Student: 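Here it is, the structure in full.
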Amino acid sequence: MRIRWLLLILAPSALGAAEEFPILTPKPGPAPLIRGPAVYGARPGRPFIYRIPTTGERPIRFSAQGLPASIRLDAGKGILSGTTPPAAGEYTVKFTAENRHGKASRNFRLIVGEKLALTPPMGWNHWYTHYDRITDQLFRQAADAMESSGMADFGYSFVSIDDCWMTRADSPDPKLNLPPRDASGAIRPNGYFPDMKALTDYIHSKGLKAGIYTSPGPLTCARYCGSYRHEEIDAKTFAAWGFDLLKYDLCTYRRAVNPQSVEEHRKPYELMGKILKDLNRDIQFNLCQYGLAEVWKWAPEVDGHSWRTTGDLGLEKDTRLPGFYSIGFRNAALWEYAKPGHWNDPDYILIGVIGNAREQSAPPKRTTLTADEQYSYMSMWSLMAAPLFYSGDMSRLDEFTLNVLCNGEVIDVNQDPLGKQARIIRKTEDEFVLAKPLDDGSVAVGLFNLSEQPRRISATWVELNLQGRKTVRDLWRQQDAGEANGEVSAEVARHGVAFLRLR
Ligand code: GLA
């Protein structure tokens with residue numbers, strides 16, 4: 001007999017106006033807890049940097065057993081650096097972290113081989129807050145904030161520069177209107193970036209990673225210098241500067257080349273993918289061509305680690321629902337294409353204080369998304385194994401925003417080593433249900449209420465392909481919420497979510 005099991009999750013909006021932005025997640029305790037991915041890919045003989053994401057009161061003393069000899073640990077900071085071993089191989093490293101409140105250990109599988117991004121990349125990108133208002137200083141401050149806010153302790157690691165770091169020929173600003181390349185043809189940053197190598201050194205000194213951006217076209221989307229016919233020298237320059245990720249944004253390539261066939265769309269990405277692969281540095285490759293030519297079908301073949309599946313989230317029109325939903329629905333439909341090393345990218349997380357993509361000169365403002373919508377956004381991105389890049393103002397992170405961005409159990413679903421994207425269980429006017437199988441045999445389920453009223457949403461074991469009794473974990477509250485057999489169901493607030501893990 002199927003036992004109908006009812007899980008009661010209080011709709012946050014039922015808690016009253018003073019609780020409009022309820023913090024659902026308990027704060028991490030003072031004892032150390034090691035977080036971050038359980039599996040990590042790097043190529044042989046390349047520079048290596050990794051900050052062991054760990055919450056708990058500082059100082060913490062770190063140790064690591066089983067590290068390859070070419071990688072050393074800074075025991076006070078918990079930062080690994082050095083070079084990966086010259087040959088492919090697997091290392092099971094045991095991290096330990098200890099402070100005056102306790103001690104924790106966790107295994108970390110370092111897979112030295114051809115694959116990078118075995119779990120989705122996490123970090124911050126400047127675009128949706130700062131647009132063309134960027135300087136070297138801003139990225140140093142973002143790296144500082146990633147550390148001081150605690151985001152780095154949950155695994156956020158990339159500090160990524162988007163468009164507008166290069167020169168711009170049609171600008172009246174003398175710091176932008178400079179020769180785009182030096183005598184050897186190497187690209188030059190504009191006058192707001194005096195020394196790119198010094199900037200990545202600064203980011204790396206915190207154990208974090210640095211991302212950069214260019215276009216295969218002559219100009220970027222914001223009309224700065226692009227890499228057209230300079231692909232190799234630019235990639236080499238980015239590696240020499242010390243960047244760890246490249247976002248490659250189609251933009252004016254469309255005007256210059258007018259690609260039509262899939263082959264023509266593939267070409268610029270294939271070229272850059274090959275160049276990156278031959279570099280003596282691991283650079284994650286993020287394809288940004290807005291989902292044209294069914295990029296998800298060929299991006300892994302051109303060594304893309306992630307690919308944007310849609311247009312810009314910040315420009316997406318709200319329907320009855322905020323824009324992230326329609327982007328999310330389209331990205332969710334591509335679940336079969338995601339796998340370790342290769343991820344669908346539905347664009348950044350736009351919460352907290354954020355700029356306006358349609359009116360880029362307007363001062364950044366607090367998001368108009370409700371608390372429930374923000375929980376839904378982060379849950380959906382986590383279930384879709386999406387790259388988790390925050391793109392709000394790092395200098396104005398508030399407690400609620402950090403609570404949404406930094407829930408270790410929610411992030412664990414995103415970073416799960418099995419690397420499967422959630423499958424769509426149901427999509428109607430009122431309900432959206434996603435289920436993501438996890439490495440330990442459990443299943444993460446998101447019950448999203450798309451309607452304007454609180455609503456009971458359920459998913460059956462037949463739909464979820466489950467058998468037997470399961471323990472239900474409420475991931476936002478990090479609480480066990482009883483057992484279920486045959487069906488799980490929850491009362492979900494308007495535009496809210498019940499995000500559950502069934503063990
Ligand atoms: C495009 C991309 C955005 C951003 C801007 C920069 O619109 O899709 O993510 O990089 O260009 O100009």
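Nothing fancy with the numbering, it's 1 onward along the sequence. Fair warning: this is a prediction, and the values are worked out from it, not measured in the lab. Order of appearance sets the numbers: ligands from 1, and atoms from 1 within every ligand.
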Student: Suppose I only count heavy atoms of Asp163 and a 4.0 Å limit; which atoms of ligand 1 are within that range?
Tutor: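 Listed by number with element: 6 (C), 12 (O).
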
Student: Using a plain distance cutoff, I'd like to know if Tyr128 has any nitrogen or oxygen under 3.5 Å from a nitrogen or oxygen of ligand 1.
Tutor: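 Looking only at distances, the answer is no, because the N/O contact criterion of under 3.5 Å is not met.
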
Student: For atom 9 (O) of ligand 1, which of Lys247, His126, Gln289 has the closest heavy atom?
Tutor: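 Among Lys247, His126, Gln289, the closest heavy atom to atom 9 (O) of ligand 1 belongs to Lys247.
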
Student: Heavy-atom contacts with Tyr213 under 4.0 Å: which atoms of ligand 1 show up? List them by number with element.
Tutor: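 Matching atoms, with element in brackets: 6 (C), 10 (O), 11 (O), 12 (O).
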
Student: Against Tyr192, only a single residue in Asp136, Asp173, Asp132 fulfils side chain to side chain donor-acceptor pair (under 3.5 Å); can you say which?
Tutor: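 It is Asp173; the other options fail the test.
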
Student: Does anything in residues 406-439 pair up under ring pair (Phe, Tyr, Trp, His ring centres under 6.0 Å), and if so which pairs, sequence neighbours excluded?
Tutor: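 For residues 406-439, and leaving out neighbouring residues, the ring pair (Phe, Tyr, Trp, His ring centres under 6.0 Å) pairs sorted by first residue read Phe329-Phe432, Phe432-Phe448.
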
Student: Got the closest protein heavy atom to atom 3 (C) of ligand 1, with its distance?
Tutor: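 Result: Asp312 OD2, 3.5 Å.
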
Student: Is Cys251 touching ligand 1 with its side chain, its backbone, both, or neither, if touching means heavy atoms under 4.0 Å apart?
Tutor: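 For Cys251, no heavy atom sits under 4.0 Å from ligand 1.
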
Student: Hey, are Thr55 and Asp153 close enough side-chain-wise for a donor-acceptor pair under 3.5 Å?
Tutor: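 Per modelled atom types, Asp153 and Thr55 side chains form no pair under 3.5 Å.
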
Student: Quick one: which ligand 1 atoms are inside 4.0 Å of a heavy atom on Arg308?
Tutor: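 Checking each atom against Arg308, I get 8 (O), 9 (O).
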
Student: Ignoring angles and geometry beyond distance, decide whether Trp127 reaches within less than 3.5 Å of ligand 1 through its nitrogen or oxygen atoms.
Tutor: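 No, there is no polar N/O contact under 3.5 Å.
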
Student: For Arg255, is the CZ atom crowded, meaning more than 12 foreign heavy atoms sit under 6.0 Å from it?
Tutor: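 Incorrect, the count does not exceed 12.
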
Student: Give the ring-plane orientation class for Phe21 versus Phe400, where under 30° counts as parallel, over 60° as perpendicular and anything between as tilted.
Tutor: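 The arrangement is perpendicular - the two ring planes meet at more than 60°.
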
Student: With a 4.0 Å cut-off on heavy atoms, is Tyr131 touching ligand 1?
Tutor: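 No heavy atom of Tyr131 comes that close to ligand 1.
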
Student: Before giving the answer on salt bridge (Lys or Arg N to Asp or Glu O under 4.0 Å), spell out for Asp162 and Lys247 the whole-Å C-alpha distance, their side-chain angles and the decisive distance to 0.1 Å.
Tutor: CA-CA 8 Å; Asp162 204 277; Lys247 173 172 173 180; 2.6 Å; yes

Student: Lys277 and Arg43: side chain to side chain contact (heavy atoms under 4.5 Å, CB included), yes or no, with the steps?
Tutor: CA-CA 10 Å; Lys277 212 172 174 185; Arg43 296 186 305 157; 3.8 Å; yes

Student: What atoms of ligand 1 come closer than 4.0 angstrom to any heavy atom of Cys288?
Tutor: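 Result: 2 (C), 8 (O).
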
Student: Do Tyr290 and ligand 1 have an N or O pair less than 3.5 Å apart?
Tutor: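 Between Tyr290 and ligand 1, no N or O pair is found under 3.5 Å apart.
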
Student: Tell me yes or no: between the side chains of Asp182 and Ser184, is some donor less than 3.5 Å from an acceptor?
Tutor: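 Ser184 and Asp182 do have a side-chain donor-acceptor pair below 3.5 Å.
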
Student: Ring centres of Tyr50 and Tyr40 under 6.0 Å apart?
Tutor: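 Yes, the ring of Tyr50 comes within the 6.0 Å limit of the ring of Tyr40, centre to centre.
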
Student: If the contact criterion is a heavy-atom separation under 4.0 Å, does Asp249 count as touching ligand 1?
Tutor: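 Asp249 counts as a contact of ligand 1 under the 4.0 Å cut-off.
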
Student: How far is atom 4 (C) of ligand 1 from its nearest protein heavy atom, and which residue and atom name does that atom have?
Tutor: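 Nearest neighbour among protein heavy atoms for atom 4 (C) of ligand 1, to 0.1 Å: Asp162 OD1, 3.4 Å.
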
Student: With nothing but distance in play, are any N or O atoms of Tyr348 less than 3.5 Å from an N or O of ligand 1?
Tutor: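 Looking only at distances, the answer is no, because the N/O contact criterion of under 3.5 Å is not met.
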
Student: Under 3.5 Å between any N/O of Asp347 and any N/O of ligand 1: does that happen in this structure?
Tutor: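 N/O-N/O distance under 3.5 Å: no.
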
Student: Under 4.0 Å from a heavy atom of Cys221: give me the atoms of ligand 1 that qualify, with their elements.
Tutor: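 So the atoms of ligand 1 that pass are 1 (C), 11 (O), 12 (O).
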
Student: Can you tell whether the side chains of Asp170 and Arg168 come within less than 4.0 Å, N to carboxylate O?
Tutor: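 Looking at Asp170 and Arg168, the cut-off is met.
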
